[in-house]
Amino acid sequence: MASDIAGGHSIPEGDMIDATSKLQLEAAEVRTQKPNWPSYLRSQMIPQEDFNLLTAYEAARSKDERDRVLREHDENGQAVKTIVNLLNNVAKDQNIRYVLTLFDDMLSEDKSRVDLVHRAAHRQKRTAWGWFLGLLQRQDNFIVNQMSSVIAKLACYGSTQMDGQDLNYYFSFLKDQLRTSTVNVEPPLAPDDVSSKSEASARIATYIYRFGQAKIP
């Protein structure tokens, strides 16, 4: 059985299941690789307010505690500001992987948390998409997938629609991913090539499956 997407393509459900399973395993490993935030604070790579939010959120042991931390840092949009600061100012891919996984988990745990992001963007008289779309150009496949997952959640769960240039940019990204996963691949394929192509196709299937449910004009 397959899911249809724009343009007449169909995505085997097995691809989506395989992609989800692989990404979940990778995310589980990423969660164990917590950055040394005190070192970042001492070297002034992150400000005190970002450090305070991160350590309080990581220390929370229940959804209620995490909700409390987010509420305490929502008045001035600090929770979202911290995430945006880290994604733009922490250079190491490993740390960006961790922050994006934390962010994705945060939205997965409670869909209403997307409102924190959209409110923070509204305070700055902008939309949230511009903070995140640039990360889709990273070379790290895990970062690209997690960022695409977050963008899909912001579109699906929130009341702010993606439109105009942002929507065109994201759809162009999806089309490019489809194109580059299939072009110039001729049989016979070496085992590693088959695995690489299958993983790329599975990732793209996941992007489109997630975003296909979004509230778009």
Side-chain angles (χ1 to χ4, degrees), residues 23-155 157-158 160 166 169-170 173:
L23 293 166
Q24 285 175 344
L25 289 172
E26 195 165 1
E29 181 179 353
V30 168
R31 291 185 190 99
T32 69
Q33 301 169 350
K34 184 167 68 173
N36 186 347
W37 299 127
S39 174
Y40 275 79
L41 179 64
R42 287 194 299 272
S43 59
Q44 298 184 336
M45 295 179 68
I46 61 173
Q48 185 70 53
E49 52 268 28
D50 289 353
F51 176 82
N52 292 344
L53 171 64
L54 280 167
T55 53
Y57 191 84
E58 288 174 336
R61 295 301 178 211
S62 68
K63 180 181 181 300
D64 286 344
E65 290 183 11
R66 286 185 285 274
D67 284 339
R68 178 181 55 77
V69 172
L70 292 173
R71 282 196 305 271
E72 290 174 352
H73 293 83
D74 182 43
E75 184 176 350
N76 62 351
Q78 183 59 50
V80 177
K81 181 180 177 183
T82 292
I83 291 169
V84 172
N85 284 345
L86 292 171
L87 294 179
N88 285 285
N89 299 321
V90 175
K92 291 179 63 176
D93 280 355
Q94 179 178 330
N95 293 342
I96 293 177
R97 282 170 156 237
Y98 177 86
V99 173
L100 277 175
T101 301
L102 190 76
F103 191 17
D104 193 53
D105 288 346
M106 183 183 83
L107 300 181
S108 296
E109 185 176 48
D110 188 338
K111 295 178 181 180
S112 70
R113 290 173 180 167
V114 301
D115 293 332
L116 296 174
V117 182
H118 290 305
R119 277 201 303 270
H122 182 71
R123 288 187 186 104
Q124 297 186 23
K125 299 181 179 180
R126 56 173 298 161
T127 63
W129 319 113
W131 282 327
F132 308 119
L133 287 171
L135 283 174
L136 297 175
Q137 300 304 317
R138 300 285 293 220
Q139 298 301 307
D140 185 293
N141 289 326
F142 183 83
I143 289 175
V144 173
N145 177 76
Q146 288 294 74
M147 191 70 268
S148 189
S149 175
V150 166
I151 289 170
K153 288 180 175 68
L154 292 173
Y157 303 156
T160 301
D166 293 331
Y169 183 96
Y170 192 66
F173 157 77

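Because only heavy atoms are used, hydrogens play no part in the values below, and waters and symmetry mates are left out as well, while side chains stay in.
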(request) Apply side chain to side chain contact (heavy atoms under 4.5 Å, CB included) to Val80 and Trp131, showing your working. (result) CA-CA 10 Å; Val80 177; Trp131 282 327; 3.7 Å; yes
(message) Test salt bridge (Lys or Arg N to Asp or Glu O under 4.0 Å) on Arg66 and Glu109; report intermediate values, then the result.
(response) CA-CA 10 Å; Arg66 286 185 285 274; Glu109 185 176 48; 2.6 Å; yes
(request) Start with the C-alpha gap between Arg113 and Asp67, add the side-chain angles, then the distance that decides, and say whether salt bridge (Lys or Arg N to Asp or Glu O under 4.0 Å) holds. (result) CA-CA 9 Å; Arg113 290 173 180 167; Asp67 284 339; 2.7 Å; yes
(request) Apply the test side chain to side chain contact (heavy atoms under 4.5 Å, CB included) to residues Ser112 and Tyr157: give CA-CA distance (whole Å), side-chain angles for both, the deciding distance (0.1 Å), then the verdict. (result) CA-CA 7 Å; Ser112 70; Tyr157 303 156; over 6 Å; no
(message) Checking Arg31 against Asp105 for the salt bridge (Lys or Arg N to Asp or Glu O under 4.0 Å) test, could you report, in this order, the C-alpha distance in whole Å, the side-chain angles of both residues, the deciding distance, and whether it holds?
(response) CA-CA 10 Å; Arg31 291 185 190 99; Asp105 288 346; 2.6 Å; yes
(message) side chain to side chain contact (heavy atoms under 4.5 Å, CB included) for Arg138 and Asp93? Distances and angles first, verdict last.
(response) CA-CA 9 Å; Arg138 300 285 293 220; Asp93 280 355; 2.3 Å; yes
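Distance CZ/Phe142 to CG/Asp140: 8.0 Å, rounded to 0.5 Å. In this structure, Leu53 CG and Ile83 CD1 are separated by 7.5 Å, a value rounded to the nearest 0.5 Å. To the nearest 0.5 Å, atoms CD (Gln124) and NZ (Lys81) are separated by 8.5 Å. Remark: Leu54 CG to Leu102 CG distance equals 7.0 Å, nearest 0.5 Å. Between Ile151 atom CD1 and Asp166 atom CG the span is 9.0 Å, to the nearest 0.5 Å.
Between the side chain of Asn145 and the main chain of Asn141, no donor-acceptor pair closer than 3.5 Å is present. Side-chain atoms of Thr101 come within 3.5 Å of backbone N or O of Arg97 as a donor-acceptor pair. Of the possible polar contacts, one joining the Thr55 side chain to the Phe51 backbone as a donor-acceptor pair under 3.5 Å is found.
Across every non-hydrogen atom of Gln146 and Leu100, the tightest pair is CB-CB, 3.9 Å. Taking each heavy atom of Ile143 and Leu135 in turn, the nearest pair found is CG2-O, 4.3 Å. Residues Tyr169 and Gly134 come closest through the heavy atom pair OH-CA, 4.4 Å. In plain terms, the two heavy atoms of Tyr98 and Pro35 that are nearest each other are CD2-CD, 3.3 Å. The shortest heavy-atom contact between Trp37 and Leu86 is CZ3-CD2, 4.0 Å. Contact between Arg61 and Glu65 at its shortest, heavy atoms only, is N-OE1, 2.8 Å.
Proximity of Leu25 to Glu29: side-chain heavy atoms (C-beta onward) are nowhere separated by under 4.5 Å. Asn89 has its side chain out of reach of Met45: every pair of non-hydrogen atoms, C-beta onward, lies at least 4.5 Å apart. Looking only at side-chain heavy atoms (C-beta outward), Val144 and Met147 stay at 4.5 Å or farther from each other. The closest side-chain heavy-atom distance from Tyr170 to Leu136 is below 4.5 Å. Residues Val150 and Val117 have side chains not in contact (no heavy-atom distance under 4.5 Å, counting atoms from C-beta outward). Counting only heavy atoms from C-beta outward, the side chains of Tyr57 and His73 never approach each other to under 4.5 Å. Counting heavy atoms from C-beta on, the side chains of Leu154 and Leu107 come closer than 4.5 Å. Counting heavy atoms from C-beta on, the side chains of Val90 and Tyr40 come closer than 4.5 Å.
Around the CD atom of Gln139, the shell of radius 6.0 Å holds no more than 12 heavy atoms that belong to other residues, nucleotides or ligands.
Phe132 has its ring centre less than 6.0 Å from the ring centre of Phe103.
Using modelled atom types, one finds no donor on one side chain facing an acceptor on the other under 3.5 Å when comparing Gln33 with Asn95.
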